[in-house]
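Since we're looking at a predicted model, the values are computed, not measured. Chain A is the first sequence line, chain B the second, and so forth, proteins listed ahead of strands; every chain is numbered from 1.
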Amino acid sequence: MLRIAVNRLSSSSSSSCRLNHTAMAKVIASNSNSTTISPFHISDSVISDHQALVHNLEACKLSSNLRAATGTHGRMIKIGYGMHQTLISSLISVYVSCGCSNLASQLIKEIPCWDFDLISANVIIAAFMKISEIDIAKKAFDDMPIRDVVSWNSMIGGFVKNGRFEEALRIFQEMLSLNNEPDAFTFASVIKGCAQLGGRDHAQWIHGLLIEKQIAINYILGSALIDMYSKCGRIETAKEIFETIQRNDVSVWNAMINGLAVHGLALDAIALFSRMVLEEVSPDCITFVGILTACSHCGLIELGRKYFDLMSSYAIRPQLEHYGAMVDLLGRAGRIDEAYAIIQELPMEPDVVIWRAFLSACRTQKNSHMGEVAINKIETLKSGDYVLLSNIYCSANKWDSAERVRDKMKKNGVRKNSGKSWIEMAGVIHRFKAGDQSHLEREAIYKVLEGLIRRTKMEGFIPTKELVLMDVSDEEKEENLNYHSEKLALAYGILKSSPGTAIQITKNLRTCLDCHCWMKVVSKILYRVIVVRDRIRFHRFEGGVCTCGDYW
DNA sequence: ATAGGGTTAG
């Protein structure tokens, strides 16, 4: 079974915390004789050693004070609490919140036998899920003699955070089958997972279950539901929910504004912003991210500028992400110089996100010179960066330069992540990567696809080969345009659904130019609506045109 | 001890 790519894992590790075990021992040793172990200076004579350590760890966690944490760790060992399970779990949680995942992992490996009490085990699951040490979290969960709703929620939420939606759903099903009652926390995570999956049946199912369990829809669940229905292509249902729930929290508005934005309804998003102000809900920094990206994806340059300037009247100072949205807005619209000017005049240091937005603009504008400027600013190049640069050279007909990028990528051992698309049929998610051979019905799927390719050719469709060179490794050479993942998913949809019904596909990357053109033609010759949700927005193909107006 | 809405990229 294929797995969805994990996008944007939230692992925050500070460079100052990259200690190995020996270093850890040194820090501990240097602190254990110190008299200022506790940030609160609790005297041992007043309370017990154990209680003092508990207090210390609480304080360390609140202040994210690594030095104090290692100091406390040292003291724990010194006074014989080194293997105390409750303290260990607290310490692990402190190390994680300090961004020192390696210390947390090291520590758990030193525990010879795991017999954590309920709460300690829950702490450990949450901590290791946070740093994507899924196997450790799983082991802690599996070893528990008794679990409560928090244990289940931490596992489900952890899987969702790490992009493993199928496992999240599986464990949720297991929770239900063992007659454990889900609560609002459980639903928030499962709804988020369904949002990422993008399947309408899954969305309907979890919403129905939420109603059946009579769980009150607070602003968190409300935002999650709006987000889910938007991302599953049911913007109308999202709007209905928005109208019926309490809207006094900004996140509900943000979810709705972003929902409209991913559907390319920038003007509706802006109208909602005005209504929000009328209803006296203050926009926050995320509201503006939503509005600016809405403008960006629709090419509304002047409106984008207007809302960027409007931020100050709400006392919101633009952050990197707002500047990033502006770079994207201008770059996408072909105003490379203005985008570059924004970066140069930043009141803070540009991050990789900014440079990637700029690089992406260089790609759409086929500007290899500025693309080189951008790529040199990105310290650790990821596969996507190489692919973008290679694509820039290809579209500028600089084949030898493209070749050099691919060689460099190979030399550095970077593999291109393949695009994945999936489609929900009768409540089951079917996943495809480019040239996928793993589906049970592959023969029928390829037959449908080849038939479609013939028909689109007859219709005069010419493949856009400009980027074919982007296939980076030898093994992937056979991945040609005809078998891109979205085409396979579409073929499966056509194979399995009745004529005339709409087909909805979800993709983990941006849709490619060739596939986009092709989908338009297919929608026309089959008289069918095809909906593709890509990484940033929805495309609705009907009668040979797409709702994105070919601007994306 | 567990939950919501966010910018870039293939």
Would you say the base of B/dA9 and the side-chain of A/Arg363 have a donor-acceptor pair closer than 3.5 Å? no
I want to verify a distance call: between B/dA9, B/dA1, B/dT2, whose nearest atom is closest to the A/Leu388 side chain? B/dA9
Could you check which residues of residues 353-362 of chain A get a heavy atom under 4.0 Å from DNA chain B? Sort them by number, please. A/Val353, A/Arg356, A/Ala357, A/Ser360
Between CD1 of A/Ile215 and C1' of B/dT2 the distance, given in whole Å, is 14 Å
Tell me, please, which residues at least two apart from A/Ala140 pass side-chain contact (heavy atoms from CB on, under 4.5 Å). A/Trp114, A/Ile124, A/Ile125
Given B/dT2, B/dA3, B/dG10, the nucleotide with the shortest approach to the side chain of A/Asn153: B/dT2
With heavy atoms under 4.0 Å as the rule, sort A/Ala184 into base, sugar-phosphate or nothing. base
Are any non-hydrogen side-chain atoms of A/Met311 and A/Arg317 less than 4.5 angstrom apart? no
Just distance, no hydrogens or angles: give the donor-acceptor pairs under 3.5 Å from side chains in residues 343-353 of chain A, sequence neighbours left out.
from, atom 1, to, atom 2, distance (Å)
A/Asp351, OD1, A/Val353, N, 3.3
A/Asp351, OD1, A/Ile354, N, 3.1

Atom pair distance, as rounded to whole Å: CD1 in A/Ile286 and C1' in B/dG5: 6 Å
Under 4.0 angstrom between A/His484 side-chain N/O and B/dG10 OP1 or OP2: no
What's the closest nucleotide to the side chain of A/Leu509 if the choices are B/dG10, B/dA3, B/dA1? B/dG10
Would you say B/dA9 has OP1 or OP2 under 4.0 Å from some side-chain N or O of A/Arg510? yes
Across all chains, not counting sequence neighbours, the side-chain hydrogen bond (donor to acceptor under 3.5 Å, both in side chains) partners of A/Arg247 are none
Looking for any heavy atom pair under 4.0 Å, which part of the strands does A/Lys231 touch: base, sugar-phosphate only, or nothing? sugar-phosphate
Separation of A/Arg537 atom CZ from B/dT8 atom P, in whole Å? 12 Å
Once you apply a heavy-atom cut-off of 4.0 Å, does A/Asp328 come out as touching a base, just sugar-phosphate, or nothing? sugar-phosphate
Contacts satisfying ring-ring contact (aromatic ring centres under 6.0 Å, His included) that involve residues 122-149 of chain A (not counting sequence neighbours) are A/Phe141-A/Trp152
Nearest to the side chain of A/Ile119, heavy atoms from C-beta on, is which of B/dA1, B/dA3, B/dT8? B/dA1
How long is the line joining CG of A/Leu57 and C1' of B/dA1, in whole Å? 15 Å
Look at all strands and tell whether A/Val123 reaches a base, only sugar-phosphate, or nothing, counting heavy atoms closer than 4.0 Å. sugar-phosphate
Which nucleotide in B/dA3, B/dT8, B/dA1 has an atom nearest any side-chain atom of A/Asp148: B/dA1
Whole Å only: how far is the CZ atom of A/Phe273 from the P atom of B/dG5? 20 Å
Compare the minimum distances between each of B/dG10, B/dA9, B/dG5 and the side chain of A/Arg332, then state the nucleotide with the smallest one. B/dA9
With salt bridge (charged side-chain N to carboxylate O under 4.0 Å, His left out) as the rule and sequence neighbours excluded, what pairs involving residues 143-152 of chain A come up? A/Lys139-A/Asp143
Which part of the nucleic acid, if any, lies within reach of A/Val250 when heavy atoms closer than 4.0 Å are counted: base, sugar-phosphate only, or nothing? base
Atom OG1 in A/Thr511, atom CG in A/Asp534: separation rounded to 0.5 Å? 6.0 Å
For atom CD1 of A/Ile220 and atom C1' of B/dT2, their distance in whole Å: 11 Å
Is a donor-acceptor pair below 3.5 Å formed from side chain A/Asp284 to base B/dG5, judging by atom type as modelled? yes
I'd like to know whether CD1 of A/Ile146 has more than 12 heavy-atom contacts from other residues, nucleotides or ligands below 6.0 angstrom. no
Once hydrogens and angles are ignored, does a donor-acceptor distance under 3.5 Å link the base of B/dA3 to the side chain of A/Asp183? no
What I want to check is whether the side chains of A/Asn258 and A/Asp227 have a donor and an acceptor closer together than 3.5 Å. no
Can you tell me how far P of B/dT8 sits from CD1 of A/Ile342, to the nearest Å? 15 Å
A/Lys382 vs B/dT8: side-chain N/O to OP1/OP2 distance below 4.0 Å: no
For B/dA3, does either OP1 or OP2 sit under 4.0 Å from a side-chain N or O belonging to A/Lys161? yes
Out of B/dT2, B/dG5, B/dA1, which has the shortest distance to the side chain of A/Asp227? B/dG5
When all nucleic acid strands are considered with a 4.0 Å heavy-atom cut-off, which category describes A/Thr293: base, sugar-phosphate, or nothing? sugar-phosphate
Between C1' of B/dA1 and CZ of A/Phe128, the distance in whole Å: 14 Å
